[in-house]
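Lettering of chains follows the sequences in order, A, B, ..., and the numbering in each one begins at 1. Atom set for the values below is all heavy atoms of this structure, side chains included, hydrogens, waters and symmetry mates excluded.
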There are 2 protein chains.
Amino acid sequence: MAAYNIASGPASKFQRALNKPDTESTKIPKAVVSRLSLYLREMQQLLRENIATISSTKLGKRLGFTASQVRKDLAYFGQFGYPGIGYKCEEMVAEIRKILGTDRVWPVVLVGCGNLGQALLGYRGFSTQGFQVIAAVDVDQSVVGQKIEGLTIKHIDELTHLVESLGIRVAILAVPAKAVEAAVEHIVASGISGILNFAPVTLSLPRNIGLVEVDLARELEQLAFSVLQNAER
Amino acid sequence: MAAYNIASGPASKFQRALNKPDTESTKIPKAVVSRLSLYLREMQQLLRENIATISSTKLGKRLGFTASQVRKDLAYFGQFGYPGIGYKCEEMVAEIRKILGTDRVWPVVLVGCGNLGQALLGYRGFSTQGFQVIAAVDVDQSVVGQKIEGLTIKHIDELTHLVESLGIRVAILAVPAKAVEAAVEHIVASGISGILNFAPVTLSLPRNIGLVEVDLARELEQLAFSVLQNAER
DNA sequence: TAGATTGTTAATCGATTAACAATC
DNA sequence: TAGATTGTTAATCGATTAACAATC
């Protein structure tokens, strides 16, 4: 499984204590990062329920994981737990947000303002976790200049300028399949460092650009399959 | 990893030939099913490019998988390939759609017509793979009766009736976190067999109800993390 | 036929789980 | 202190990859 590369620069005190060479950095499996988001979500929920502290066993039960997995996952990033007590929710929320990078606001540009793009703009739920769509572009001159959700659509040729002047690092790609190639070229050229891709197309990007894919049709296919599987018994 | 249970009922000829007992059914890992959707998407793309036949090596390259993985994945479901030739795209598209269950039309009900729900309704991309949102419900009396995208919003109390009369098996859940519990009760009671959940909440459902989760905030968190990782090098 | 490519078995790799000393 | 729970190592499990006989 693909993995991220954590711990770079000079070896930390901890690494040196363990006598690990600089080059042997810790790999974080993608699956672990994905569960990290879930831990965050659940800890936020616990706080809403006025629960201050939780053990790996209980947290695991709520999420359907083993206690071992919870502890192992969290231990990738440091020693956050209190033996005999568990994890402090408020502390963990702050820690995980720091690790994920959502302890700050991320300005985002929407690329593609058709059906799906407008739908995504209408959904203000992104902002709850620190992502703010502050610019929107399209190739189609007939939509450029239109205002949706308080945002004026710009032409995609302005992308680089927008990205640089607004300090944008992340793009949401929501164009139809046939427009993907051109859009990706614009995005890469603009200096963007991450793409959330909603287009049902396999993207190949320079390795220094982050990529997360969401294909809603695919998710429904997975669901259809599982429904049929269940029905067969 | 969670897996689906395939092959039930009386043992197939094939199973008996292999002398496997009825109870030893083949498990399909979730990851395999997830890649199956990708194979489908890519084969459809190949057809658009007028490519009739593809080898596991080439298909793997396009998707970033090894040839072994492609062959192993597809072999879970039958012998579709032609030694010396590869896989016939048209045939595979039909086969995979049959396996996933998207060789038919799935009527879908949308539960929750707020921000996100309306956004999803506006996105007509579901229909391309055979999913049709034909009903929409909400708890809020003030939106009931409204028409969006040609669909009149009904009260959630009518869910069971809608599900039964329209033969709906799948619900898209798009309510805010605090409304999830009540909504899920309605859905379970209605006899729905699968939920595509957009609410950022861990659902626990009877095991005979299929579940796929999409949390857009979570996807952006994954992206933020990968951007930070890349930046660190 | 020779070349290409499959389906499948065995080998490898990585991720999950169990167990337990250390800690509060 | 006794009880609870962590972080981490070793054991287990499952998924991916390599290799190759069978096939077209």
Side-chain angles (χ1 to χ4, degrees), chain A residues 1-6 14-15 17-20 24-36 38-39 43 51-89 91-92 95, chain B residues 1-6 14-15 17-20 24-36 38-39 43 51-89 91-92 95:
Chain A
M1 165 163 279
Y4 297 104
N5 202 321
I6 225 179
F14 195 60
Q15 274 186 319
L18 291 175
N19 214 3
K20 280 186 187 167
E24 194 184 310
S25 58
T26 314
K27 294 274 182 186
I28 311 284
K30 272 225 168 89
V32 172
V33 182
S34 152
R35 285 192 296 266
L36 208 57
L38 249 24
Y39 298 136
M43 297 271 193
I51 298 171
T53 264
I54 193 158
S55 68
S56 57
T57 307
K58 281 184 187 158
L59 183 56
K61 265 194 190 118
R62 290 178 68 122
L63 290 166
F65 306 151
T66 63
S68 282
Q69 179 148 78
V70 171
R71 292 202 298 276
K72 191 123 210 250
D73 283 348
L74 295 176
Y76 269 105
F77 305 95
Q79 310 207 153
F80 303 123
Y82 298 84
I85 291 165
Y87 301 87
K88 299 187 182 174
C89 298
E91 227 173 84
M92 284 312 297
E95 284 294 349
Chain B
M1 164 164 279
Y4 296 105
N5 202 322
I6 224 179
F14 195 60
Q15 274 186 319
L18 290 175
N19 213 3
K20 280 184 186 168
E24 193 184 309
S25 57
T26 313
K27 294 277 183 185
I28 310 283
K30 271 226 169 84
V32 172
V33 182
S34 153
R35 285 192 297 266
L36 208 57
L38 250 24
Y39 299 135
M43 297 273 192
I51 298 172
T53 264
I54 192 158
S55 68
S56 57
T57 308
K58 282 184 187 157
L59 182 57
K61 260 187 195 122
R62 289 178 69 122
L63 290 166
F65 305 150
T66 62
S68 281
Q69 179 148 78
V70 172
R71 292 202 297 275
K72 190 122 211 254
D73 283 348
L74 294 176
Y76 269 103
F77 304 95
Q79 309 208 150
F80 302 124
Y82 298 84
I85 292 166
Y87 300 87
K88 299 188 181 171
C89 298
E91 225 174 86
M92 284 313 297
E95 282 295 347

Enquirer: Whole-Å distance between dT6(C) C1' and K58(B) NZ?
Expert: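 K58(B) atom NZ is separated from dT6(C) atom C1' by 15 Å.
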Enquirer: Tell me, which pairs form a side chain to side chain donor-acceptor pair (under 3.5 Å) where one or both residues lie in residues 59-70 of chain A, sequence neighbours left out?
Expert: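 Those involving residues 59-70 of chain A are E42(A)-R62(A), E49(A)-R62(A).
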Enquirer: So does Y87(A) get a side-chain nitrogen or oxygen closer than 4.0 Å to the phosphate oxygens (OP1/OP2) of dA4(D)?
Expert: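 Answer no for this pair, as no side-chain N or O of Y87(A) is under 4.0 Å from OP1 or OP2.
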Enquirer: Sugar-phosphate means primed atoms, P, OP1 and OP2; the rest is base. With that split, encode nucleotides 17-24 of chain D 5' to 3' as B, S or - using protein heavy atoms under 4.0 Å.
Expert: BBBB--BB
Enquirer: Nearest 0.5 Å, please: how far is OH in Y39(B) from CE in M92(B)?
Expert: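 Separation between the atoms: 9.5 Å.
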Enquirer: Would one find a side-chain N or O of S56(B) under 4.0 angstrom from OP1 or OP2 of dT5(C)?
Expert: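 The answer is no; no side-chain N or O of S56(B) sits under 4.0 Å from OP1 or OP2.
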Enquirer: Round to a whole Å and report the spacing from NZ of K30(B) to C1' of dT16(C).
Expert: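 The answer, rounded to whole Å, is 16 Å.
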Enquirer: In whole angstrom, give the distance that lies between atom OH of Y76(A) and atom P of dT6(D).
Expert: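 Result: 18 Å.
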Enquirer: Are any non-hydrogen side-chain atoms of F65(B) and R35(B) less than 4.5 angstrom apart?
Expert: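 Sidechains of R35(B) and F65(B): in contact.
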Enquirer: My validator wants the stems of DNA chain D: runs of 3 or more consecutive Watson-Crick or G-U pairs, both distances under 3.5 Å, written as range with range.
Expert: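 If one scans DNA chain D for consecutive Watson-Crick or G-U pairs, the stems found are C:3-24 with D:3-24.
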Enquirer: May I have the list of side-chain donor-acceptor pairs in residues 51-59 of chain B shorter than 3.5 Å, sequence neighbours left out?
Expert:
residue, atom, partner, partner atom, Å
S55(B), OG, K58(B), N, 3.2
S56(B), OG, R71(B), NH1, 2.9

Enquirer: Starting from P on dT5(C), measure out to CD on Q79(B) and report it in whole angstrom.
Expert: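 Going from CD in Q79(B) over to P in dT5(C) covers 18 Å.
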Enquirer: Quick one: which residue pairs count as a side chain to side chain donor-acceptor pair (under 3.5 Å) with a foot in residues 80-89 of chain B, not counting sequence neighbours?
Expert: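 Found Y82(B)-E91(B).
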Enquirer: With side chains defined as the heavy atoms from C-beta onward, is the minimum distance between V32(B) and L36(B) less than 4.5 Å?
Expert: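 No - every pair of side-chain heavy atoms lies 4.5 Å or more apart.
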Enquirer: Please give, in whole Å, the distance from dA4(D) P to I54(A) CD1?
Expert: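 Interatomic distance, CD1 of I54(A) to P of dA4(D): 17 Å.
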